[in-house]
Amino acid sequence: MEGNATSPAETLASELSKVVEFLPENPLTGQLEVYWRLMTSTYTHFQIATFGSLIAHEVAYFGICLPAFLFQFVPFLQRFKIQQDKQETSALQWKCFKLILFNHFFIQAPLILGVYAYTEMFGIPYDWENFPRWYSFIVRVFMCAVIEDTWHYFMHRALHDKRIYKYIHKVHHHFQSPFGMTAEYAHPAETMILGTGFFIGLLLTCNHVAFLWVWMVARLLETIDVHSGYDIPYINVFHLIPGYAGARFHDFHHKNFTGNYASSFIWWDWIFGTDKQWKEFYAKTEGITKATKLD
């Protein structure tokens with residue numbers, strides 16, 4: 001009968017469920033379960049969502065920044081520095097560090113306080129029984145990255161408007177040759193404006209409080225990578241992602257100030273032609289392959 005016909009969506013869901021059955025469990029599940037259950041039995045949801053998120057952010061941010069910071073002291077790695085004529089100095093790093101701490105504890109920390117309200121309002125689970133499988137994390141992180149990249153492109157491009165650039169975004173461009181820690185060196189208003197893209201994806205995809213931390217770490221890995229000032233081949237797994245921008249793409253934005261507005265991918269700049277100067281520059285240098293990979 002027509003009323004019992006299976007819809008295409010139901011058929012697709014059925015086929016996907018069959019595929020999922022053959023996928024392995026989360027790696028390190030045993031130890032992860034022990035520690036996760038200990039955390040959720042020891043601390044309240046409020047403590048996990050607020051203090052836990054703040055600690056996770058600080059550890060992740062400065063932990064991810066550390067390798068790029070150490071690169072400057074390893075002569076062998078200097079060959080991979082993108083802007084060879086500009087080196088980090090202790091004065092610049094200290095200047096960056098001070099504003100980073102201000103933004104983290106006076107701008108981002110209050111925003112993190114809202115995480116608990118969000119999880120309670122939308123019934124986001126904390127328990128181990130509802131802990132997502134690894135492939136769910138991957139799919140949802142990619143969705144969040146695409147959403148954030150879209151928001152970032154248009155808002156970042158707007159912040160370059162000459163009528164407002166000097167009031168907000170100029171702070172971030174203080175570093176013409178970026179290094180890892182400069183990823184969140186920005187005017188407080190910019191932190192709020194561009195940071196909104198991070199939360200939009202969460203509102204649409206978050207299915208567990210653990211995903212909030214996974215997406216946060218993934219986003220920090222990406223933004224610190226593109227601000228690192230180094231392009232080290234072969235070991236950066238992000239370059240396995242189709243359309244990933246990378247350090248050279250964003251480093252050129254800091255050097256040139258115009259174009260390359262997206263955060264993670266090259267798609268929007270390619271669509272609107274705002275990567276033209278980057279392509280022209282690298283067509284004259286060793287970057288010709290990267291500059292034309294979408295042509």
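In what follows, every heavy atom counts, from backbone to side chain, and hydrogens, waters and symmetry copies are set aside. Please read these numbers as outputs of a predicted model, since none were measured by experiment.
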Taking C-beta and beyond as the side chain, do Gln83 and Pro178 meet within less than 4.5 Å on heavy atoms?
yes
Quick one: closest heavy-atom pair of Asn260 and His250, and the distance?
O-ND1, 4.4 Å
Lys81/Glu88 ion pair, N-O < 4.0 Å:
yes
Just by distance, no angles: are the side chains of Ser53 and Trp213 close enough, under 3.5 Å, to form a donor-acceptor pair?
yes
Walk me through whether Phe281 and Trp278 qualify under ring pair (Phe, Tyr, Trp, His ring centres under 6.0 Å).
CA-CA 5 Å; Phe281 177 80; Trp278 179 74; 9.3 Å; no
Determine whether Lys98 and Gln93 make a side-chain contact, defined as any pair of heavy atoms from C-beta on separated by less than 4.5 Å.
no
Just do the ring pair (Phe, Tyr, Trp, His ring centres under 6.0 Å) check on Tyr167 and His187 with the steps written out, would you?
CA-CA 9 Å; Tyr167 299 111; His187 189 286; 9.5 Å; no
Please report the shortest heavy-atom distance between Val217 and Ala60, naming the atom on each side.
CG2-CB, 4.1 Å
Just by distance, with hydrogens left out, do Tyr230 and Gln78 show a side-chain donor and acceptor under 3.5 Å apart?
yes
Check: Gln277 and Phe252 side chains under 4.5 Å, non-hydrogen atoms:
yes
Check whether Ile235 and Leu240 end up in the same hydrophobic cluster, where Ile, Leu, Val, Met, Phe, Trp and Tyr are linked by side-chain heavy atoms less than 4.5 Å apart.
no
Does any part of the side chain of Tyr244, heavy atoms only, come nearer than 4.5 Å to the side chain of Glu222, both counted from C-beta?
yes
Are Phe211 and Leu202 close enough, and set up right, to give a side chain to side chain contact (heavy atoms under 4.5 Å, CB included), and what steps lead you there?
CA-CA 9 Å; Phe211 176 73; Leu202 279 179; 3.8 Å; yes
Taking everything shown except Tyr165 itself, do over 12 heavy atoms lie less than 6.0 Å from its OH?
yes
Taking the six-membered ring for Trp and the single ring otherwise, decide whether the centroids of His208 and Phe131 are under 6.0 Å apart.
yes
Any chance you could measure Phe106, atom CZ, to Leu101, atom CG, to the nearest 0.5 Å?
9.5 Å
Using distance alone, with no hydrogens and no angle criterion, decide if Thr150 and Trp268 have a side-chain donor and acceptor under 3.5 Å apart.
yes
Met143 versus Thr205, closest heavy-atom pair with distance:
CE-CG2, 3.8 Å
Applying side chain to side chain contact (heavy atoms under 4.5 Å, CB included), run through Thr182 and Leu92 and close with a yes or a no.
CA-CA 10 Å; Thr182 63; Leu92 287 174; over 6 Å; no
Taking the side chain as C-beta and beyond, is there a heavy-atom pair between Trp215 and Arg140 under 4.5 Å?
no
Verify same cluster id: Phe257, Val171 (apolar side-chain graph, 4.5 Å):
no
NZ of Lys86: more than 12 outside heavy atoms within 6.0 angstrom?
yes
Verify ring pair (Phe, Tyr, Trp, His ring centres under 6.0 Å) between Phe97 and Phe62, making sure each step is shown before the conclusion.
CA-CA 10 Å; Phe97 181 70; Phe62 290 107; 5.8 Å; yes
Hydrophobic clusters here meaning ILVMFWY residues chained together by side-chain heavy-atom distances under 4.5 Å, can you tell me if Phe198 and Val59 are in one?
no
Taking every heavy atom of Asp149 against every heavy atom of Ala262, the minimum-distance pair comes out as OD1-CB, 3.4 Å
Is it true that a side-chain atom of Trp267 and a backbone atom of Val146 form a donor plus acceptor pair closer than 3.5 Å?
no
same_hphob_cluster(Phe137, Trp36) at 4.5 Å side-chain heavy-atom cutoff:
yes
In sequence, state the C-alpha distance, the side-chain angles, and the governing distance for Met39 and Tyr126, and then conclude on side chain to side chain contact (heavy atoms under 4.5 Å, CB included).
CA-CA 10 Å; Met39 179 187 71; Tyr126 289 67; over 6 Å; no
Parallel under 30°, tilted from 30 to 60°, perpendicular over 60°: which one fits the rings of His152 and His156?
perpendicular
If you define the side chain from C-beta out and look only at heavy atoms, does anything of Phe80 sit under 4.5 Å from Phe71?
no
Could you walk me through whether Phe272 and Phe154 pass the ring pair (Phe, Tyr, Trp, His ring centres under 6.0 Å) check?
CA-CA 11 Å; Phe272 289 100; Phe154 291 103; 5.7 Å; yes
Just so I know, are the side chains of Phe238 and Ile241 near enough to count as touching, which here means a heavy-atom distance under 4.5 Å?
yes
Examine Phe265 together with Tyr153 and report whether their ring centres are nearer than 6.0 Å.
no
Nearest 0.5 angstrom please: Glu58 CD to Ile100 CD1, how far?
9.5 Å
Side-chain donor or acceptor of Thr44 paired with backbone N/O of Gln47 under 3.5 Å:
yes
Report the distance from atom CD1 of Ile193 to atom CE of Met155, rounding to the nearest 0.5 Å.
8.0 Å
Going by distance alone, is a donor N or O of one side chain under 3.5 Å from an acceptor N or O of the other, for Asp275 and Tyr282?
no
Can a side-chain donor-acceptor contact be found between His174 and His254 if the only test is distance below 3.5 angstrom?
no
How close do Glu148 and Ser263 get, heavy atom to heavy atom, and via which atoms?
OE1-OG, 2.7 Å
Taking atom types as modelled, find out whether Glu184 and Gln108 have a side-chain donor-acceptor pair closer than 3.5 angstrom.
yes
Are a donor atom and an acceptor atom from the side chains of His160 and His253 found within less than 3.5 Å of each other?
yes
With a sphere of 6.0 Å drawn around CZ of Phe73, does it hold more than 12 non-hydrogen atoms of other residues, nucleotides or ligands?
yes
Just by modelled atom types, is the Phe46 backbone N or O under 3.5 Å from a matching donor or acceptor in the Thr50 side chain?
yes
Rounded to the nearest 0.5 Å, how far apart are OG of Ser228 and CD1 of Ile82?
6.0 Å
Taking C-beta and beyond as the side chain, do Phe179 and His227 meet within less than 4.5 Å on heavy atoms?
no
Is there a chain of hydrophobic side chains (I, L, V, M, F, W, Y, each step under 4.5 Å between heavy atoms) that links Phe69 to Leu220?
no
Start with the C-alpha distance between Val226 and Phe249, add both sets of side-chain angles, then the distance that settles side chain to side chain contact (heavy atoms under 4.5 Å, CB included), and finish with yes or no.
CA-CA 8 Å; Val226 302; Phe249 186 86; over 6 Å; no
Distance check, rounded to the nearest 0.5 Å: Asn103 atom CG versus Met192 atom CE?
11.0 Å
Pair Glu190-His169, side-chain donor/acceptor within less than 3.5 Å
yes
Minimum heavy-atom distance between Pro132 and Asn207, given as atom pair plus value:
CG-OD1, 3.7 Å
Rounded to the nearest 0.5 Å, how far apart are CG of Leu54 and NE2 of His104?
9.5 Å
